[in-house]
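What follows is one structure encoded as structure tokens, with my remarks underneath.
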Amino acid sequence: ISLFERALPFYRETGNINGEADTLFNLSALLIYIGEMKRGLDYAIEAERLYKALGNISRQSSVLNAIGGAYHYLTETEKAIDALNLSIVK
């Protein structure tokens with residue numbers, strides 16, 4: 001996790017938005033996997049925003065699915081449904 005967090009500034013400084021988004025998504029997946037839902041969710045939301053800006057519909061859909069799962073775990077049902085519905089539409 002710390003390696004991904006240390007890599008983020010390099011992607012940001014070089015303007016590598018795709019690398020930044022992928023790193024954020026990977027971080028979110030790891031954090032969600034180990035049960036740090038809120039922190040993982042923050043990274044996932046940021047990754048989704050970047051994938052949307054890049055027009056990467058496939059990755060945006062994948063991260064929306066992860067966001068929906070995290071919200072479900074946190075018992076935020078409406079937010080989970082919204083994210084999962086968006087992931088299907090994409």
Report task. Check Ala66 against Phe25 and note the closest heavy-atom contact, atom names and distance. Result -> CB-CE1, 4.2 Å
Report summary line: From the list Thr23, Leu54, Leu50, side-chain contact (heavy atoms from CB on, under 4.5 Å) partner of Asn18 resolves to Leu54
Query raised in the report: Are any of the side-chain nitrogens in Arg39 or Glu46 under 4.0 Å away from the carboxylate oxygens of its partner?
Result: no
Query raised in the report: How many angstroms lie between atom OG of Ser28 and atom CE of Met37, to the nearest 0.5 angstrom?
Result: 11.0 Å
Query raised in the report: Ignoring hydrogens and geometry, is there a side-chain-to-backbone donor-acceptor pair from Ser61 to Ile57 under 3.5 Å?
Result: no
Query raised in the report: If you measure from CG on Asn65 to CD on Gln60, what distance do you get to the nearest 0.5 Å?
Result: 12.5 Å
Query raised in the report: Say you draw a straight line from CZ of Arg49 to CG of Leu24; how long is it, rounded to the nearest 0.5 Å?
Result: 8.5 Å
Query - Worked check of side-chain contact (heavy atoms from CB on, under 4.5 Å) between Lys38 and Leu31 - result: CA-CA 9 Å; Lys38 290 279 191 187; Leu31 290 165; over 6 Å; no
Requested in this report: Before giving the answer on side-chain contact (heavy atoms from CB on, under 4.5 Å), spell out for Tyr51 and Asp22 the whole-Å C-alpha distance, their side-chain angles and the decisive distance to 0.1 Å.
Outcome: CA-CA 9 Å; Tyr51 286 132; Asp22 286 344; 2.4 Å; yes
Report task. Rounded to the nearest 0.5 Å, what's the gap from NZ on Lys79 to CG on Leu84? Could you check? Result -> 14.0 Å
Query - Heavy-atom closest contact (Ala80 atom, Gly68 atom, distance) - result: CB-O, 3.4 Å
Query raised in the report: Which heavy atom of Ala83 sits nearest a heavy atom of Ile67, and at what distance?
Result: CB-CG2, 3.8 Å
Query raised in the report: Looking only at side chains, do Tyr43 and Glu36 share a donor and an acceptor under 3.5 Å apart?
Result: no
Query raised in the report: How many angstroms lie between atom CG of Leu64 and atom CD1 of Ile45, to the nearest 0.5 angstrom?
Result: 10.0 Å
Query raised in the report: Going through the checks in order, is the side-chain contact (heavy atoms from CB on, under 4.5 Å) test met by Leu8 and Leu27?
Result: CA-CA 10 Å; Leu8 276 175; Leu27 264 168; 3.9 Å; yes
Requested in this report: Hey, could you give me the CG/CD1 distance between Leu86 and Ile81, rounded to the nearest 0.5 Å?
Outcome: 12.0 Å
